[in-house]
**Q** 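If you scroll down you'll find the structure; I have some questions about it.
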Amino acid sequence: MPYRREGMSLARLWVKSGFPLPLHSHDCDCLYYIVAGSIRMGTETLSAGDGFFVAAEVPYSYTAGPEGAEVLEFRGTDRFNIRVRDKPVAAWEKTAAVLRESHSRWREEQPPVRRMPQKR
């Protein structure tokens, strides 16, 4: 974790291309900022410069885009719990298949290139 002090933490996460982050929740609010690459949450694609908020105990997941994603996670606590949510066996089998199929490609994959967000 790049930064932690009492009552605050910042984590940096690099997710490789197409990685399906499992459905999970945290016991604290989390604010996210996408530094590079992109993610897909449901029907929405978020790219570098975008951010999103997830309240405590709200389940969420996302899949990294074609370049992968570098994400900063800000929390108003230095200690938190993560709870992976139950899913049907078929959903876990699908996730396992993605991991098996992508493993060799991920071995050499580099982090996404950081680009300055375009002014809107």
Side-chain angles (χ1 to χ4, degrees):
M1 196 167 294
Y3 182 79
R4 176 184 287 175
R5 69 173 195 148
E6 188 173 334
M8 169 182 274
S9 63
L10 168 65
R12 176 184 169 265
L13 179 64
W14 169 33
V15 186
K16 299 213 177 182
S17 64
F19 184 84
L21 197 70
L23 184 66
H24 69 286
S25 64
H26 306 272
D27 62 353
C28 62
D29 293 344
C30 299
L31 178 63
Y32 297 87
Y33 178 78
I34 301 168
V35 176
S38 63
I39 63 170
R40 183 131 181 106
M41 291 183 76
T43 60
E44 190 172 0
T45 298
L46 302 172
S47 301
D50 290 334
F52 61 99
F53 174 81
V54 179
E57 302 301 345
V58 172
Y60 75 103
S61 69
Y62 59 78
T63 300
E67 294 179 67
E70 181 181 0
V71 180
L72 296 178
E73 302 178 351
F74 301 89
R75 293 183 178 87
T77 183
D78 57 321
R79 299 179 192 278
F80 58 92
N81 290 312
I82 298 172
R83 188 169 119 198
V84 176
R85 300 299 181 130
D86 291 335
K87 290 175 28 175
V89 171
W92 285 112
E93 288 172 345
K94 182 179 175 184
T95 298
V98 169
L99 299 177
R100 279 191 301 274
E101 292 166 8
S102 303
H103 184 267
S104 62
R105 176 177 44 111
W106 288 339
R107 192 173 301 137
E108 301 299 322
E109 190 170 309
Q110 297 297 309
V113 175
R114 294 180 185 180
R115 295 182 179 95
M116 294 300 294
Q118 298 294 321
K119 292 186 179 187
R120 297 178 189 185

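All residue numbers refer to positions in the sequence shown, counting from 1. Note that the coordinates shown come from a computational prediction; the quantities given were computed from them, not determined experimentally.
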**Q** Any Lys/Arg nitrogen of R85 or E57 sitting under 4.0 Å from an Asp/Glu carboxylate oxygen of the other?
**A** yes

**Q** Mind checking the CD-CG spacing from E44 to D50? Nearest 0.5 Å is all I need.
**A** 7.5 Å

**Q** At their closest point, which heavy atom of I82 faces which heavy atom of H24, and how far apart are they?
**A** CG2-CD2, 3.8 Å

**Q** To check you understand the geometry: which heavy-atom pair defines the closest contact between A64 and K16, and what is its length?
**A** CB-O, 3.2 Å

**Q** Would R114 and V35 count as a side chain to side chain contact (heavy atoms under 4.5 Å, CB included) if you check the C-alpha gap in whole Å, the side-chain angles of each, and the deciding distance to 0.1 Å?
**A** CA-CA 7 Å; R114 294 180 185 180; V35 176; 3.6 Å; yes

**Q** Going hydrophobic residue to hydrophobic residue with side-chain gaps under 4.5 angstrom, can you get from L72 over to L31?
**A** yes

**Q** Please give me the minimum heavy-atom distance between P20 and T95, naming the atom from each residue.
**A** CG-CG2, 4.0 Å

**Q** For residues V113 and E67, report the shortest heavy-atom separation together with the two atoms involved.
**A** N-OE1, 4.2 Å

**Q** For M8, is there any backbone N or O sitting under 3.5 Å from a side-chain donor or acceptor partner on D78?
**A** no

**Q** How many angstroms lie between atom OG1 of T45 and atom CZ of R40, to the nearest 0.5 angstrom?
**A** 4.0 Å

**Q** Determine yes or no for a side-chain-to-main-chain donor-acceptor pair under 3.5 angstrom, with E109 supplying the side chain and S17 the backbone.
**A** yes

**Q** Can you see whether S104 engages R107 through a side-chain donor-acceptor pair at a distance of less than 3.5 angstrom?
**A** no

**Q** Other members of the hydrophobic cluster containing V58, with the 4.5 Å side-chain heavy-atom rule, please.
**A** L13, V15, F19, L21, Y32, I34, I39, M41, L46, F52, V54, Y60, Y62, V71, L99, W106

**Q** So which heavy atom on A36 is nearest to which on A48, and how close?
**A** CA-CB, 3.9 Å

**Q** So for atom CZ, which belongs to R79, do other residues, nucleotides or ligands contribute more than 12 heavy atoms lying within a distance under 6.0 Å?
**A** no

**Q** Who passes side-chain contact (heavy atoms from CB on, under 4.5 Å) against K94, sequence neighbours left out?
**A** none

**Q** Looking at D27 and N81, would you say the former's side chain and the latter's main chain have a donor-acceptor pair under 3.5 Å?
**A** yes

**Q** List the atom of W92, the atom of P22, and the distance in Å for their closest heavy-atom pair.
**A** CH2-CB, 3.9 Å

